[in-house]
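Working notes, structure below.
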Amino acid sequence: MKLHVQKSWLAFLLCFALMGTSVLPGMRAEAEEVTAADETGEQRDTTAESVPKEEDMFNESDQDTSDNEGTGLYEGEISEEQLESNQESPETAEPKAQEPEEPVSVEYQAHVQSYGWLDPVKDGAIGGTESQAKRVEAIRLRLAGLPEKYEGSSIRYAVHVQTYGWREESADWADAGTTGEAKRLEAISVRLEGPIAEDYSVYYRTHVQTFGWLDWAKDGARAGSAQFAKRMEAVEIKLVKKDDDASRPENVTDYYRCPLVSYQAHVQSYGWRPNAFDDAEGGVTGQSKRMEALKISLPDPVGTTGYSGGIKYRAHVQGIGWQDWKQDGELIGTSGQAKRVEALQIALTGEIAQHYDVYYSLHMAKIGWTDYTIGNDATDHTAALAGSANLSKRVEAVKIKLVKKGEDPGVPTEGRTFIQGYDSGDFYYTGAVQEIGTTENIAQGGTVGTLGQSKRLEGITLYLNRDEANENIPSGSIQYAVHLSSTGWTDWVDQGTFCGSADGSKGMEAVKIRLDGDIANYYDIYYSAHVQKYGWLGWAKNGQAAGTSKIGYRMEALQIRLVSKDAAAPGANDRYYTETRVNPGPDPGMIALANMHSSPTRYIVMVDRSAHTVGVYQGGRGFWSNVHYWQCADGAPGTPTVTGVFSVGIRGYYFNSGAYRCFWFTQFYGDYLFHSVTCWPNGAIADGRVGMALSHGCVRLEMDNAKWIYDNIPAGTTVVVYN
């Protein structure tokens, strides 16, 4: 329809017409105001403000019918279509302000020791407790306020549970952890899945027993601790837009505490020791206890280093040698067999081996901690070894650590880490024997010379073979000198050199042998001489004189042993040399046998059943000297005296046997006694016969001899009954 403007406006409009104006400026301005008002969302009455009231318009009869160039309308004529056309087009209009989005939230609920499920919290609030020493046992999470564009998104989470380890992922308010089992959560991992993950990151941090609040982790990283048996006590979780630098947490490094490497040692007397981690001492030191078994693992290589992989290892074990490779927590060594671990070899496997090295040091008996060796993937017996072989040396403890390649390990790595001992066949010797000549090679511990032939040993040559290419074998040499009859001591000579009487005119009476060089740090050399009239003397070692001098006794045989300082000695290191002539007594065979035995006291008692004699000797093994030699009455054929090596026990004044009484009895085995000949109860001798077999098994002696043993032979004295 057309609106009629009042006549009072006529002059005003004609002025604009004469000026060539085609559109009312006021109308344009008011139209722009309407558009601006619409953009701000304000409600305005466009008919009241944009167009004059109808009574103020011209009447149709008053209109100027001339064309208004460029408008297509008569001047003063306004239509509804024109009002609509006066609105600005979408191409030129500014965008309307959007409504603010509701924030996306993360909600979570913790199940806490003693309390059960706490009230849900969200967006960085504390889920759990602080300063109450209460464990979180389970947790559940969900997203809230998701707009349509995030449809299909979810939040996923996994937890590390006491004794169970990492459990499978849960999602969207499903329980993760345990309830009713009193098991602590130790760590957690949270991640977003679906469209929301393109715009948001999820951040979370844990409050851990003794550690307190750790740093913030994000987007699937593990937070908390593992292997340390520490409870998680609280957690905070929040969502942060990826482009929101202001809301992003700053501390994002120390969020997960888990050892790089874990190891557990089985130790003599103690059994399995607690786990040790990252260069801590695993085993026992200072108590001379052997390590018997070991287990090694990488608890969480991906979580701690970002690389997958594992660890393998093997052991050199007493009496077994090198075992097969084991890996990732498997046992090496032995349990319940009392066998020592002597050496180790360790290597990383998989992706982590390209980025990390494994370093390890052993605490060895009588050496202490070795320098660190660097593990690798070698399979031979000489690469990256720590410990020893063929030395009877026990490993007592171990330290293991992982170090990024190229970084300073911060530990000594230049010293010796492995010692290869000599094989038993590497040491041997020969001898020159009177009337026989040079012997064949004698393996260590064997006898060079003769026994019971009264032939002197005239010289010796010692040999030690060393693989010069193997730097792990201790270097050095064996040196020796001999004492020749009527000449005295020779100069020292090195291994491979004959030492003695080259023309056979003189015999050996004593010998000295010693080690020179690095070999002396790991070995002792023992030697024992068999000497005329004395028989075998004790074991000398490391340069001590063995044998006799100044008394003209020939050496007839010799035994030599190269012994690791960690192995048992072949015998007591005493009574190996003398300058005193022996008092053999009337029975050379008896003293020769006596010299093959030792006694814990300064006496030994010998009983020869075939000769019906008792010999008492004083001194020590190889040095017994006759004190008494008596006839006796030993067991009759039907009740023989027991044979063997025994020791003195209880004693008494007398005992009765039927009508007879025996005085001054000394026990040497069970009911077998030294005692007097049989007497009547009044002490008169009933049967004084000796020098024959007629007793019930005891050894009868004349009254004074029985009393001498009763008075002088200590308890524990060795008694040898033979023939």
Side-chain angles (χ1 to χ4, degrees), residues 428-443 445-462 480-490 498-513 526-540 545-561 570-571 575-598 604 606 608 610-611 613 615 617-626 629 720 722-723:
Y428 56 94
Y429 39 86
T430 62
V433 180
Q434 178 184 5
E435 299 177 357
I436 294 177
T438 301
T439 68
E440 60 183 7
N441 293 340
I442 307 297
T447 299
V448 59
T450 60
L451 299 175
Q453 298 184 41
S454 300
K455 295 184 182 299
R456 64 177 179 261
L457 193 59
E458 297 172 342
I460 55 172
T461 307
L462 277 56
Y480 43 101
V482 300
H483 189 281
L484 295 174
S485 57
S486 71
T487 300
W489 288 103
T490 67
F498 177 81
C499 186
S501 175
D503 59 8
S505 61
K506 298 177 177 59
M508 289 174 55
E509 297 178 340
V511 63
K512 295 185 291 188
I513 309 175
Y526 285 85
Y527 40 101
S528 175
H530 188 280
V531 176
Q532 175 188 0
K533 297 186 179 181
Y534 274 105
W536 286 107
L537 303 183
W539 288 92
T548 68
S549 66
K550 302 179 182 178
I551 56 177
Y553 289 179
R554 65 181 172 267
M555 183 185 296
E556 298 176 342
L558 181 66
Q559 291 181 346
I560 313 172
R561 294 188 181 183
R575 302 185 184 279
Y576 44 80
Y577 175 79
T578 184
E579 296 177 357
T580 302
R581 289 181 175 275
V582 69
N583 176 18
D587 191 338
M590 181 178 280
I591 193 171
L593 181 60
N595 279 327
M596 297 177 65
H597 293 275
S598 60
I604 190 170
M606 309 293 293
D608 184 347
S610 64
T613 55
Y617 297 85
Q618 187 177 18
R621 181 181 183 273
F623 292 87
W624 296 117
S625 183
N626 184 253
Y629 189 77
V720 181
Y722 63 101
N723 282 343

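Everything numeric in this text was worked out from a predicted model, so none of it was measured.
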Looking at [X] and [Y], would you say the former's side chain and the latter's main chain have a donor-acceptor pair under 3.5 Å?
X      : Y      : value
Tyr527 : Val511 : no
Trp489 : Leu484 : no
Tyr429 : Gln559 : no
Thr578 : Thr548 : no
Arg581 : Ile551 : yes

Open item on the list: Angle between ring planes, Trp539 versus Tyr526, binned at 30° and 60°: parallel, tilted or perpendicular?
Closed with: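 Rings of Trp539 and Tyr526: perpendicular, over 60°.
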- [ ] Please identify each residue that fulfils salt bridge (charged side-chain N to carboxylate O under 4.0 Å, His left out) with Lys506, with sequence neighbours left out.
- [x]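 If we apply the salt bridge (charged side-chain N to carboxylate O under 4.0 Å, His left out) test to Lys506, skipping adjacent residues, there are no hits.
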Open item on the list: Can you list everything that forms a salt bridge (charged side-chain N to carboxylate O under 4.0 Å, His left out) with Lys533? Sequence neighbours excluded, please.
Closed with: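 With sequence neighbours excluded, Lys533 shows a salt bridge (charged side-chain N to carboxylate O under 4.0 Å, His left out) to no residue whatsoever.
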Once side-chain hydrogen bond (donor to acceptor under 3.5 Å, both in side chains) is applied, do any residues pair with [X], and if so which ones, sequence neighbours excluded?
X      : answer
Tyr428 : none
Thr490 : none
Arg554 : Ser454, Gln532, Glu556

[Y] and [X], any side-chain heavy atoms less than 4.5 Å apart:
X      : Y      : result
Met555 : Glu509 : no
Tyr629 : Ile591 : no
Arg621 : Asn595 : no
Asp608 : Tyr722 : yes
Thr461 : Tyr480 : yes
Leu537 : Arg575 : no
Leu558 : His530 : no
Ile604 : Met606 : yes

Closest approach of [X] to [Y] (non-hydrogen atoms, all atoms of both residues):
X      : Y      : answer
Pro586 : Pro588 : O-CD, 3.5 Å
Phe498 : Ala432 : CE1-CB, 4.0 Å
Tyr534 : Tyr553 : CE1-CE1, 3.6 Å
Tyr617 : Ala594 : CD1-CB, 4.5 Å
Ala481 : Cys499 : CA-SG, 4.0 Å

TODO: Carefully, step by step, assess Asn583 and Asn626 under the rule side-chain hydrogen bond (donor to acceptor under 3.5 Å, both in side chains).
DONE: CA-CA 6 Å; Asn583 176 18; Asn626 184 253; 5.0 Å; no
Task: Pair Val448-Thr430, side chain to side chain contact (heavy atoms under 4.5 Å, CB included): steps then yes or no - done: CA-CA 7 Å; Val448 59; Thr430 62; 5.8 Å; no
- [ ] Can you measure from CD (Glu458) to OG (Ser485) and round to the nearest 0.5 angstrom?
- [x]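 Between atom CD of Glu458 and atom OG of Ser485 there are 9.0 Å.
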Which atom pairs, donor and acceptor, lie under 3.5 Å between side-chain atoms of residues 433-442 and protein residues at least two apart or in another chain?
| residue | atom | partner | partner atom | Å |
| --- | --- | --- | --- | --- |
| Gln434 | OE1 | Arg456 | N | 3.0 |
| Glu435 | OE1 | Lys455 | NZ | 2.6 |
| Thr439 | OG1 | Gly431 | N | 3.0 |

